[in-house]
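What follows is a short report on a single structure.
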There are 2 protein chains.
Amino acid sequence: MQLRMTNQREMILRELKKSKKHLSADELYERVKKFMPRISLATVYRNLEILSDASMIRKLEISGRQKRFDSELEDHDHIYCVQCHRIENLDIGDKEVNLTEVDTRGYAITGRRLEVTGVCPKCQKKNSKKNAKK
Amino acid sequence: MQLRMTNQREMILRELKKSKKHLSADELYERVKKFMPRISLATVYRNLEILSDASMIRKLEISGRQKRFDSELEDHDHIYCVQCHRIENLDIGDKEVNLTEVDTRGYAITGRRLEVTGVCPKCQKKNSKKNAKK
DNA sequence: TCTCCTTGCGATAATGATTTCCAATAGTAA
DNA sequence: TTACTATTGGAAATCATTATCGCAAGGAGA
């Protein structure tokens with residue numbers, strides 16, 4: 001099957017790259033709709049799937065209900081707020097675990113990442129306000 | 001609120017511990033149903049939520065659509081088959097990244113895990129058969 | 001024991017995210 | 001132009017999960 005770079009597809013890719021964040025399909029839909037008011041949410045889903053199959057973007061299978069997509073193709077690590085579900089990149093420098101020393105149970109490794117969970121500064125602030133009220 | 005250890009709750013906990021795998025709610029439902037044919041899927045969901053709130057089990061927020069649950073409470077690492085969605089534990093020994101040396105962006109850290117993705121031995125075998133046919 | 005109150009149950013409806021279906025449209029190649 | 005195929009928008013369907021509801025069960029206290 002031959003891929004066509006349609007306007008919709010191009011716009012989706014462009015907006016994802018522009019944001020530099022880990023957007024969900026409907027967040028991206030809201031952004032793209034500003035330029036293409038008639039685009040369908042199904043088109044966004046469809047193209048995110050196609051683009052990640054074609055390795056032009058990356059699908060993050062982390063964190064709860066919604067999938068998130070990333071225009072950064074390199075493996076990198078994430079920190080994830082358990083409260084507001086924000087995901088941010090984590091720079092751990094050269095401290096990564098050397099997998100060659102680990103028993104990987106016969107798997108053919110395709111990727112790796114460190115997922116750290118926690119409460120982000122914003123939610124911490126929110127929580128301390130709440131607790132003060134009580 | 002006072003927790004009662006009902007038969008259903010006990011059975012769910014027992015089956016999860018017995019399996020030593022990372023089961024989804026409906027997989028667990030199928031197992032428990034063998035002993036309690038009248039149990040409701042809602043009860044399984046409800047109790048998995050309650051048990052993980054009570055820190056008696058752990059909810060894994062990884063891998064695709066379904067949540068998975070684990071009776072192992074300690075933080076540990078996983079390897080995940082991108083093809084059949086199997087999850088297994090990964091023992092990386094003492095080679096873990098020391099987070100105190102990492103900029104965690106002001107997050108209050110609650111957990112961490114290394115996620116390695118790959119193709120499991122079974123799927124590799126399946127794939128080589130397929131390719132041979134072609 | 002009887003009564004009140006709370007917790008938990010099973011069945012089912014509702015929800016939210018994602019996927020599929022389908023008829024219409026738009027690129028592409030001869 | 002014509003024929004073919006990929007892609008679209010919109011709506012319906014699906015899948016996992018959660019909420020609701022009426023009822024049963026398990027104390028606690030009179």
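Letters A, B, ... are given to chains in the order of the sequence lines, protein chains preceding strands, and every chain is numbered from 1. Remember, predicted model here, so these are calculated numbers, not experimental data.
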Interatomic distance where [atom1] belongs to [X] and [atom2] belongs to [N] [whole Å]:
{"X": "B:Ile50", "N": "D:dT18", "atom1": "CD1", "atom2": "C1'", "value": "13 Å"}
{"X": "A:Met11", "N": "D:dT8", "atom1": "CE", "atom2": "P", "value": "13 Å"}
{"X": "A:Leu41", "N": "C:dT18", "atom1": "CG", "atom2": "C1'", "value": "8 Å"}
{"X": "A:Asp53", "N": "C:dT19", "atom1": "CG", "atom2": "C1'", "value": "14 Å"}

Phosphate OP1/OP2 of [N] contacted by [X] side-chain N/O (<4.0 Å):
{"X": "A:Lys67", "N": "C:dT19", "value": "yes"}
{"X": "B:Tyr45", "N": "D:dT18", "value": "no"}
{"X": "B:Gln66", "N": "D:dA16", "value": "yes"}

Taking only residues two or more places apart in sequence, or in another chain, which ones meet [X] in a side chain to side chain contact (heavy atoms under 4.5 Å, CB included)?
{"X": "B:Gln8", "answer": "B:Thr6, B:Met36, B:Ile39, B:Thr43, B:Asn47"}
{"X": "A:Lys20", "answer": "none"}
{"X": "A:Glu74", "answer": "A:Glu72"}
{"X": "A:Lys18", "answer": "A:Glu15, A:Phe35"}

(request) Report yes or no: is there a donor-acceptor pair, N or O only, under 3.5 Å between the side chain of B:Arg4 and the base of C:dT7? (result) yes
(request) Test side-chain contact (heavy atoms from CB on, under 4.5 Å) on B:Met56 and B:Leu13 and set out the steps. (result) CA-CA 9 Å; B:Met56 299 177 71; B:Leu13 191 55; 3.9 Å; yes
(request) Output yes when B:Lys21 and B:Glu27 qualify as a salt bridge under the 4.0 Å nitrogen-oxygen rule, no when they do not. (result) no
(message) Regarding B:Asn47, tell me which of base, sugar-phosphate or nothing describes its non-hydrogen contacts under 4.0 Å with the strands shown.
(response) sugar-phosphate
Which residues pass the side-chain hydrogen bond (donor to acceptor under 3.5 Å, both in side chains) test with [X], not counting sequence neighbours?
{"X": "A:Thr110", "result": "B:Thr117"}
{"X": "A:Tyr107", "result": "B:Glu88"}
{"X": "A:Arg58", "result": "A:Asp75"}

Kindly give the atom pairs (protein nitrogen or oxygen, nucleotide nitrogen or oxygen) under 3.5 Å for nucleotides 10-16 of chain C.
{"unit_1": "C:dG10", "atom_1": "OP1", "unit_2": "B:Gln8", "atom_2": "NE2", "d": "3.4"}
{"unit_1": "C:dG10", "atom_1": "OP2", "unit_2": "B:Ser40", "atom_2": "N", "d": "3.4"}
{"unit_1": "C:dG10", "atom_1": "OP2", "unit_2": "B:Thr43", "atom_2": "OG1", "d": "2.3"}
{"unit_1": "C:dG10", "atom_1": "N7", "unit_2": "B:Arg46", "atom_2": "NH2", "d": "3.0"}
{"unit_1": "C:dG10", "atom_1": "O6", "unit_2": "B:Arg46", "atom_2": "NH1", "d": "3.3"}
{"unit_1": "C:dA11", "atom_1": "OP1", "unit_2": "B:Arg38", "atom_2": "NH2", "d": "2.6"}

(request) With the side chain of A:Arg9 defined as its heavy atoms from C-beta on, choose the nearest nucleotide among C:dG27, D:dT17, D:dT8. (result) D:dT8
(message) As a test of reading the structure: which of D:dT17, D:dT5, C:dT19 is closest to the side chain of A:Glu49, going by heavy atoms?
(response) C:dT19
(message) Using a strict heavy-atom distance below 4.0 Å, which residues from residues 14-24 of chain A are in contact with DNA chain D?
(response) none
